[in-house]
Amino acid sequence: MMIDARNLRKTYRLGGTEVHALDGVDVQIDDGEMVAITGPSGSGKSTLMQILGCLDSADSGTYHLAGEDVSTLSEDRLADVRNRRIGFVFQSFNLLSRMNAIENVELPLLYAGHAGAKDKAEAALKTVGLNERGHHHPNQLSGGQRQRVAIARALITDPAILLADEPTGNLDTKTGDEIMALFASLNDQGRTVIVVTHELDIARKCRRQILIRDGKVCE
Ligand code: ADP
Ligand code: MG
């Protein structure tokens, strides 16, 4: 199993009030699945994504990622696991405007001190159908093309899991569907894909949906 999370709880305290963002969540995802995590705004989707993506830890519960217990790791060790296993895609693309597409895609490898980053970046851009746009800067690309660059950047470290938070939120319907088709083809190639979305039409393009509501999974 790729992801095995049990009884996750996360409470935010703001002033005098407590918000139970996750209230005992179980999530199991097999290697090679394509799953949507869906539910209304405020239901706890992003909180869950941050924990599954090793960006944050739950207050309690257990989390095994590819067989490794990551629930009790220090922040540094958690960052290692994250960099090794997970590629992130966000609603707002998060590209650096000063850099062209190739340079944006290379970044995770440069941070990790790998050689041959440029060739790998060009190959990743080809995988997402953007081989002719490598020297364009983000402001010279459409929204859909920017998201493809972000997906290439997520792929460059060859992560087992792609984790996308509202990846179609800034795109029109047709472009959003094209991005979901790209995720489906990456999934066909064996990658585990998790898409967080409040849009049911997008969630339905995944082979399985996990619905969360008020910090709980509804079956
Ligand atoms: P979703 O992604 O489904 O919209 P979130 O996981 O972002 O939901 O939020 C779940 C709940 O936790 C919401 O009530 C939200 O207001 C609250 N919350 C999220 N992040 C924080 C935070 N850093 N501090 C305080 N409350 C938060
Ligand atoms: Mg969210």
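When a ligand or atom number is given, it counts from 1 through the structure's own listing order. Residue indices begin at 1 and follow the sequence shown. Predicted, not measured: the structure shown is a model, and the values here were computed from it.
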Inset, instruction - Give a yes or no on whether Ser46 keeps an N, O or S atom under 2.8 Å from the Mg ion (ligand 2). - result: yes
Legend entry - Side-chain donor-acceptor pair present, Ser60, Asn7, cut-off under 3.5 Å: no
Inset, instruction - Could you tell me which non-hydrogen atom of Ala58 sits nearest to which non-hydrogen atom of Arg9, and how far apart they are? - result: CB-O, 3.5 Å
Inset, instruction - Verify the contact flag for atom 6 (O) of ligand 1, where contact means a protein heavy atom under 4.0 Å away. - result: yes
Legend entry - Protein contact to atom 8 (O) of ligand 1 [nearest heavy atom, distance to 0.1 Å]: Gly44 N, 3.2 Å
Legend entry - Identity and separation of the nearest protein heavy atom to atom 14 (O) of ligand 1: Val19 CG1, 3.5 Å
Inset, instruction - For Pro40, take its heavy atoms, then give the atoms of ligand 1 lying under 4.0 Å from any of them. - result: 3 (O)
Legend entry - Heavy atom of the protein closest to atom 9 (O) of ligand 1 (residue, atom name, distance): Thr47 OG1, 4.0 Å
Legend entry - Sub-4.0 Å atoms of ligand 1 with respect to non-hydrogen atoms of Leu14: 25 (C)
Legend entry - Closest approach of any protein heavy atom to atom 22 (C) of ligand 1, naming residue and atom: Tyr12 CD2, 3.5 Å
Inset, instruction - Determine, for Arg208 against Glu33, whether the closest basic-nitrogen to carboxylate-oxygen distance falls under 4.0 angstrom. - result: yes
Inset, instruction - Evaluate whether atom CZ of Arg207 has more than 12 neighbouring non-hydrogen atoms of other residues, nucleotides or ligands under 6.0 angstrom away. - result: yes
Legend entry - Distance (rounded to the nearest 0.5 Å) between Thr157 OG1 and Leu109 CG: 7.0 Å
Legend entry - Asp158: which of Lys120, Arg84, Arg191 passes salt bridge (Lys or Arg N to Asp or Glu O under 4.0 Å): Arg191
Legend entry - Short side-chain donor-acceptor distance under 3.5 Å, Thr11 and His20: yes
Legend entry - Pick from Ser46, Gly215, Gly42, Ser41: the one approaching atom 10 (C) of ligand 1 most closely through a non-hydrogen atom: Gly42
